[in-house]
Protein chains: 2
Amino acid sequence: MTTLAPTPHELMIRKMESIFPLSVEEKQAISALPIQLVDIKTNQDIVREGDEPSQCCLILEGFTCMYKVTAEGKRQILSLYVPGDVPDMQSLHLKVIDINIASISPCKLGFIQHKDLRQLCERYPRLTAAFWRETLVHASIFREWLLNNGQRPAYTRIAHLICELRMRLKVVGLAENGTFEMPATQAELADATGITQVHTNRVLQVLRADGLISTVKTQMHVPDWNKLKQAGEFDSLYLHLIKTATA
Amino acid sequence: MTTLAPTPHELMIRKMESIFPLSVEEKQAISALPIQLVDIKTNQDIVREGDEPSQCCLILEGFTCMYKVTAEGKRQILSLYVPGDVPDMQSLHLKVIDINIASISPCKLGFIQHKDLRQLCERYPRLTAAFWRETLVHASIFREWLLNNGQRPAYTRIAHLICELRMRLKVVGLAENGTFEMPATQAELADATGITQVHTNRVLQVLRADGLISTVKTQMHVPDWNKLKQAGEFDSLYLHLIKTATA
DNA sequence: CGGTTTGTTGAATTCACTCAATCCGAGTGG
DNA sequence: CCACTCGGATTGAGTGAATTCAACAAACCG
């Protein structure tokens, strides 16, 4: 299945439907949402700690990451966001942003005003549940990362991260045949998994040698999904995808 | 201020008001919520991965923890929950539970039926926002733990955890004069911070030697809040407390 | 009490880190 | 078309923070 680039609204709906069944009416309502398109370059901050935005950001193309830095200047990437994600949905209810969001590749973004989202939720109360659920799924991803980074050895940890990305990209149609764009640098993977860049490099080499992944530029290929899943101890339950989306 | 043990509803309201301003009406509505009281012993599972509960669990007394285990049997504690918390609020919107929750001390729990919470939210839409916000704050705590466990050295990491507990207990009136109950064992602190029990023990000794904490049985005392905050690089922004609660 | 959990200590080990240095491909400009 | 730059990837060698393993002390509990 070769999917033409979906419109912003199509993408948003596709993503939402992976975790929440939408009615025709609800989809129409979402499709009517005003979205302001913006292109940005690599390594641009989109939202910063302390900001009080009045809009949410929908990723349309490219990858972004959420991160925090310690007093000593060490950066932890808290999550990677891919097309269809709204990394700052929390700003609907937490006025002051407590994290940073930045692009890690050139991105196309769609900004949606809080007021429009609030209006939508008022008119379609089930959508409140849908958005709430989306934030809960992201919380679940944070938890899985906590487990992953806290208890698993580097090899498993990186394998797990790659599994998650593949799965999340698949539901929005961006990971066919086990191949997908993965523009994160090794330094970024390192900051996401809490290991050093040097060590990340060595682990990736072993993963390649073991035939679990192969990379060409920013293209990641997973020849044997089951083997990688096993290496990464990956169980997608925590992504809370509904069955139709997993198939 | 010596607070008498609050009723379940008082405790719930006190906690909610630390992150969301409630009207008199809303408080009355919450007070009318049916709550089923249950006492449990230490180390009892309350909710398990795979469960599909029809109720949420309000902690009234004691500590509980949320955890996950890897295939190799390593346990990561994802969060600690204290009186006033509802650790499984997510079950309102994520049918299948993806984590475990267990007591780490004897606990008094209050179970609230999903249907009652849903009804409450329908009648008082602002409360939907309040509960949603509560789940977002917990997500924020997961993120901070990710940063803490991923990027900070063991000493800072444990100091930070103690700071967080003090702060969260304070808003429900359980940490006056820098003293509070902290029933977690060193093994549990270890699983929460992603370091070994042995090393946790050594770090605690240093923290005591540095005069940052002192412990008598399960009582934790913090003689100098500012010093501990500094040692733990603690900034409470991520808890999203409203000003009146911080004071 | 005796049994069990929790806390403490020592010694050897290791996984991952630090600190460079080097390599490489993609642009850029002369 | 090649020299130059620059970000990213790779490699080597030495180091260290935290681990493992094992034993022991202390506190807790029925």
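Each chain gets a letter, A, B and so on, in the order its sequence line appears, and its residues count up from 1.
- Without hydrogens or angle criteria, S103(A) side chain to N43(A) main chain gives a donor-acceptor distance under 3.5 Å.
- Closest contact between the side chain of K217(A) and the listed nucleotides dA26(C), dT18(C), dG8(D) involves dA26(C).
- Residue R208(B) places at least one side-chain N or O under 4.0 Å from the OP1 or OP2 atom of dT8(C).
- C107(B) places none of its side-chain heavy atoms less than 4.5 Å from the side chain of D39(B).
- Atom-to-atom, NE2 of H199(B) to C1' of dA17(D) comes out at 6 Å; the value is rounded to the nearest Å.
- Here the side chain of T185(A) is nearest to one of dA9(D), dT18(C), dT19(D), namely dA9(D).
- Between Y81(A) and H138(A), the ring center distance clears the sub-6.0 Å criterion.
- Between the side chains of S140(B) and D98(A), at least one donor N or O sits under 3.5 Å from an acceptor N or O.
- Side-chain contact check for Q197(B) and N201(B): no donor-acceptor pair (N or O, by modelled atom type) lies under 3.5 Å.
- R152(A) comes within 4.0 angstrom of no nucleic acid atom, judged by non-hydrogen atoms across all strands.
- For dG7(C), the base has no donor-acceptor partner in the side chain of R202(B) [N/O atoms by modelled type, under 3.5 angstrom].
- Remark: E49(B) CD is packed, more than 12 non-hydrogen atoms of other residues, nucleotides or ligands lying under 6.0 Å away.
- Per the geometry, CG belonging to D191(B) stands 17 Å off P belonging to dA18(D), to the nearest Å.
- Atom CG in N149(A) sits about 12 Å away from atom P in dA16(C), given to the nearest Å.
- Closest contact between the side chain of N201(A) and the listed nucleotides dT9(C), dA20(C), dA9(D) involves dA9(D).
- The nearest whole Å value for the distance from the CD atom in E72(A) to the P atom in dA17(D) is 14 Å.
- Each end of the helix from dC1(C)-dG30(D) to dG30(C)-dC1(D) gets its own axis from five base pairs, and the two axes differ in direction by 40°, given to 10 degrees.
- Atom-to-atom, CD of Q151(B) to C1' of dA17(D) comes out at 15 Å; the value is rounded to the nearest Å.
- Using a 4.0 Å heavy-atom criterion, one finds that K74(B) contacts the sugar-phosphate atoms exclusively.
- The CD-P distance, from Q219(B) to dA27(D), rounds to 17 Å in whole Å.
- Mapped onto DNA chain C by nearest heavy atom, A154(A) and Q205(B) fall at different nucleotides, with Q205(B) at the one closer to the 5' end.
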For R14(B) and E10(B), run salt bridge (charged side-chain N to carboxylate O under 4.0 Å, His left out): C-alpha distance rounded to whole Å, both residues' side-chain angles, the deciding distance at 0.1 Å, then the answer. CA-CA 6 Å; R14(B) 191 185 295 178; E10(B) 278 167 8; 5.4 Å; no
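- At a cut-off of 3.5 Å, with distance as the only test, a side-chain donor of T218(B) or E181(B) sits close to an acceptor on the other residue.
- For R157(A) and dA16(C), the shortest distance from a side-chain N or O to OP1 or OP2 is not below 4.0 Å.
- dA17(D) atom P lies 16 Å from atom CD1 of I158(B), rounded to whole Å.
- Checking dT6(C), dA18(D), dT20(D) against every side-chain atom of T196(B), the shortest atom distance belongs to dT20(D).
- Among the atoms of the strands shown, base atoms are found under 4.0 Å from some heavy atom of Q197(B).
- The CD-C1' distance, from E188(B) to dG7(C), rounds to 13 Å in whole Å.
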